Q: 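Please find one structure pasted underneath; my questions will follow.
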Amino acid sequence: MKKIEAIIKPFKLEDVKEALKDIGITGMTVTEVKGFGRQKGHTEIYRGSEYTVDFLPKTKIELAVPDNLVKQAVELIVKTARTGKIGDGKVFVSTLEDAVRIRTDERGDAAV
Amino acid sequence: MNMIRNFIVIAACFVLSAHPGQSAEAPKLPAPSIEQRVGDLEAYMNNAARVTDGKAESKVSGGGPGHSAWMMTSAALVLFMTLPGLALFYGGLVRRKNILSVMAQCLALAGVVSLLWWGCGYSLTFGRGNGWLGGFQHAFLQGVGTDPNPDYAQWVPHSLFMVYQLMFAIITPALTIGAIAERMKFKAIMLFSVLWMFVVYFPAAHWVWGADGWMNGIGNDAAKIKAIDFAGGIVVHMTSGWSALALCIVLGKRLGYGKEPMQPHSMALCMVGTGMLWAGWYGFNAGSAVAADGVAVNAFVTTTLSAAAGCFTWPAIEYCVRGTPSVLGFCSGAVAGLATITPASGFVTPGVAVLIGILAGAATWYACNVIKAKFKYDDSLDTFGVHAVGGTIGTILAGVFATTAANPNLGADRIKGYVGTSLWLEQLKAGAIVLVWSVLATVILAKVVSALCDGLRVGDEVETIGLDLAEHGEEGYHG
């Protein structure tokens, strides 16, 4: 059981979600986030004042998946979210200790 | 407490003794002839003095309906410029933690200035006194009824003229707060503004607009300086703009100015406010004819053209300099065009208005982008850069381009010798005196208020948290 965190361009969210649904991923958590990587920020000018905005808006997807789906899910996210331009984002994969479905008290793979 | 009680007692006496709409018992005049009756109607249509004045009883009592309807509309439009026009224009430009502080200041000024105006502000400004200040004859609106005051209008009730002018008195100190936004104590702003009205606005407005004002070139034979100011280039924009510069320098920069980002939190609100200012400005400029006549219509047209030219020029410069015409550029240019045409709006032709608008957009762009960067003062929302620069340029250009073709009143004996010749010099003199007066008074008042309020600025912690929460106990946005 792994946790996948993907930071992607906001306009790619819909495509990524649909692709993950197609391989049997049944849930995810989505957050609007801000940050910077190699893309850096942009400049805004208001009258004479110039401001550098370091943080750009991105979308973060978090999902917990059984081990057998991890490779496929990561490949799919990378394929779907890629534009080939700087700022496409990153995917992080980490090991999950456990998961609990609150309604039924199911544990582990059964809970995700 | 005693002082307050005494004030209330005196105020109550005045209120109860005033009888709006009734003039003193006058000797009975003869009934008017048919010619005189027709003459009164023609006078109403042409916005001229009644032919029955002093000769016969007029069958047209009080103000004229058309002129009055336009002036009531104009008064509401000018209030609309402050509430909520300016509140939104300024409110959108501050950071989100300070939007309510700007709105509170606009509302509070609308309240307190109205009461000052009722108490003695109107009287000191528009009552006859000497060249420097009016008298107290209209304190608590005594004698300010529905009969016109021929000093200012033939066909508009005195009380309507009073309430129309009140709206100018409200927006003037409200313009100033743009320069000192996000860091001045609320109580210090209010105390400063009240004192400023007495020391700067009431006197300066009396000098330029009062029936016996010493700079009222178009309305006072005895004026020493023959200045003209149609809707407030000197009275509104120069006083507020130059005071704003002095006050923001005395106050000092915002914490982190030039280091931390201080972007406008909502350009959308700012744009909405700009639209309201532009629309409201028709009441400001066209209403300043104090009649629904040809002069008013011409001012309506010049106001439109100057605003449009300014609105185009500022972002055009941005486009040439950096490639992106900004919404704030459109907004700033429009307001600059409006502020700059203000003193000239009822005195110049439409073609000149286009020229004034272009100059306005370019000059205020230069002031806000180049001069401000060079001298590094923190005029937060550019009250100086837009209103002082625009108002000053407009005041001088009004002197250069004023013509009887736009306003027949410029043909009056007292002023016609200056029109087209040395009027610009009179404008320069009046503007310079008001400028120096505004700056000196502001610096002195700021010292007085600072002593009384234990400093003008909020503490660093409050400034960081934001004035909304710390000074007003509210937040503009939740979640």
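Because the structure is predicted, anything quoted here is derived from the model rather than measured. Every chain is numbered from 1 and lettered A, B, ... according to where its sequence line falls, protein lines coming before strand lines.
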Q: Among B:G385, B:P264, B:C368, which residue has the highest count of heavy-atom pairs closer than 4.5 Å to chain A?
A: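 Of the options given, most contacts go to B:P264.
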
Q: Examine whether an atom of B:W365 lies under 4.5 Å from a heavy atom of chain A, and if so say whether it belongs to the side chain, the backbone or both; otherwise answer neither.
A: neither

Q: Step through the shown structure and confirm whether more than 12 heavy atoms of other residues, nucleotides or ligands are within 6.0 Å of CZ on A:R82.
A: no

Q: Count the heavy atoms belonging to other residues, nucleotides or ligands that lie under 6.0 Å from OH of B:Y366, then report whether that count exceeds 12.
A: no

Q: Heavy-atom count around A:E32 CD within 6.0 Å, excluding the residue itself: above 12?
A: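 No - once you tally the heavy atoms of other residues, nucleotides and ligands closer than 6.0 Å, there are 12 at most.
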
Q: Using non-hydrogen atoms only, which part of B:M262 is less than 4.5 Å away from chain A: side chain, backbone, both, or neither?
A: both

Q: Would you mind telling me which of B:S332, B:G329, B:S326 has the largest number of heavy-atom pairs within less than 4.5 Å of chain A?
A: B:S332

Q: Taking atom OH of B:Y377 as the centre, does the number of heavy atoms from other residues, nucleotides or ligands within less than 6.0 Å exceed 12?
A: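 Yes - once you tally the heavy atoms of other residues, nucleotides and ligands closer than 6.0 Å, there are more than 12.
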
Q: Using the side-chain hydrogen bond (donor to acceptor under 3.5 Å, both in side chains) rule, pick out the option among B:D379, B:T364, B:N369, B:D382 that qualifies with A:R47.
A: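 Of B:D379, B:T364, B:N369, B:D382, side-chain hydrogen bond (donor to acceptor under 3.5 Å, both in side chains) with A:R47 is met by B:D382 alone.
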
Q: To the nearest 0.5 angstrom, please state how far the CG atom of B:L328 sits from the CD1 atom of A:I45.
A: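 One gets 11.5 Å once the value is rounded to the nearest 0.5 Å.
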
Q: Which atom pair, heavy atoms only, marks the closest approach of A:Y51 to B:Q263?
A: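 Closest approach of A:Y51 to B:Q263, heavy atoms only: CD1-CG, 3.4 Å.
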
